[in-house]
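One structure below.
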Protein chains: 2
Amino acid sequence: MSLSQIQYFVAVAEEGHVGRAARGLRIAQPAVSRQIRRLEDELGTVLFVRTPRGMRLSSPGELFLKHARGILGAVSAAERDVRRVGSSGTR
Amino acid sequence: MSLSQIQYFVAVAEEGHVGRAARGLRIAQPAVSRQIRRLEDELGTVLFVRTPRGMRLSSPGELFLKHARGILGAVSAAERDVRRVGSSGTR
DNA sequence: TGAGGTTACGCCTATCGTAATAATG
DNA sequence: CATTATTACGATAGGCGTAACCTCA
């Protein structure tokens, strides 16, 4: 599991659509599709229900979304927080 | 910033020693050293004070350590939680 | 001079993008 | 048949390990 995968996952969950998610991420569709698949494989879980209209979260997917947002938020907070203090010792 | 980097960072912070951290991670020393360096570069901050005895956390490093543990904990929780529920839809 | 961290370099795996393929209303 | 996701495949980039190097008490 990587931070990119989590980021892609959240984008797809929000858009309900791999194509739009990919455009938002400024990356090609297949890259997103693959990473979602990999993530599902690693977790041993189906995160989305595939429909010809797009992707809809499964119930494990809904659960994972909450965690995913928390993780990305924690990462952003860590960066912001460290950058704010860190100017003292800038190598 | 990647999850591996965060994991390596925590290991080094706990050991105060790149070599021991690397052994614990079952990975070679330079790999750890490089990732720590990369992390510092990305954050624009020095996370460790280098001494001839090993590595000691700087004060931004101490701050980052708290965040880092939170992130890794959140990732583990997400995995565990989803795996617990996810057996319903196992592809 | 010894203990530890870092840089150089070659290899290998992972990820990307483009193009082709499949599935479904 | 149009829309969307997926697979194939070649190219690129990122990460690792071994070996050589640097630094400081």
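FYI, side chains are in, hydrogens and waters are out, and symmetry mates aren't considered; it's all heavy atoms of this structure. This one's a predicted model, so the numbers in the text were calculated from it and none came from an experiment. Chain A is the first sequence line, chain B the second, and so forth, proteins listed ahead of strands; every chain is numbered from 1.
- Closest-nucleotide positions on DNA chain C for A/Pro52 and A/Gln5 were compared, and the one nearer the 5' end corresponds to A/Gln5.
- If you check every strand for non-hydrogen atoms under 4.0 Å, A/Arg20 touches nothing.
- Whole-Å rounding puts the A/Arg50 CZ to C/dG25 C1' distance at 18 Å.
- Nucleotides of DNA chain C nearest to B/Val18 and A/Gln29 differ in position, and the one nearer the 5' end is that of B/Val18.
- Checking D/dT4, D/dG17, D/dT7 against the side-chain heavy atoms of A/Arg37 singles out D/dT7 as nearest.
- Results of the salt bridge (charged side-chain N to carboxylate O under 4.0 Å, His left out) test with A/Glu14 over A/Arg20, A/Arg69, A/Arg56 single out A/Arg69 as the only residue that passes.
- To the nearest angstrom, P of C/dG17 lies 11 Å from CD of A/Gln35.
- Checking the phosphate oxygens (OP1, OP2) of C/dT6, no side-chain nitrogen or oxygen of B/Arg34 falls inside 4.0 Å.
- Between A/Ile27 atom CD1 and C/dA14 atom P there is a gap of 17 Å when expressed in whole angstrom units.
- With contacts defined as side-chain heavy-atom distances shorter than 4.5 Å, the pair B/Glu42/B/Gln5 qualifies.
- With contacts defined as side-chain heavy-atom distances shorter than 4.5 Å, the pair A/Thr45/A/Phe64 does not qualify.
- Salt bridge absent: A/Arg38 and A/Asp41 never bring a charged side-chain N and a carboxylate O closer than 4.0 Å.
- Taking only side-chain atoms of A/Pro30, from C-beta outward, the nucleotide of D/dT6, D/dC24, D/dT18 with the closest atom is D/dT6.
- Counting to the nearest Å, the P atom of C/dG4 and the CD atom of B/Glu15 are 12 Å from each other.
- In this entry the distance linking CE of B/Met55 with C1' of D/dC24 reads 15 Å, nearest Å.
- For B/Ile6 against B/Ala68, the heavy-atom pair with the smallest separation is CG2-CB, 3.6 Å.
- Taking atom CZ of residue A/Arg53 and atom P of nucleotide D/dA2, one finds them 15 Å apart after rounding to whole Å.
- Between B/Tyr8 and D/dC16, a side-chain N or O to OP1/OP2 separation shorter than 4.0 Å is present.
- Counting to the nearest Å, the C1' atom of D/dA5 and the CZ atom of A/Arg23 are 14 Å from each other.
- Put simply, A/Ser33 has a side-chain N or O that comes within less than 4.0 Å of OP1 or OP2 on D/dT6.
- If you measure from atom CG of B/Leu25 to atom C1' of D/dG15, you get 14 Å, rounded to the nearest angstrom.
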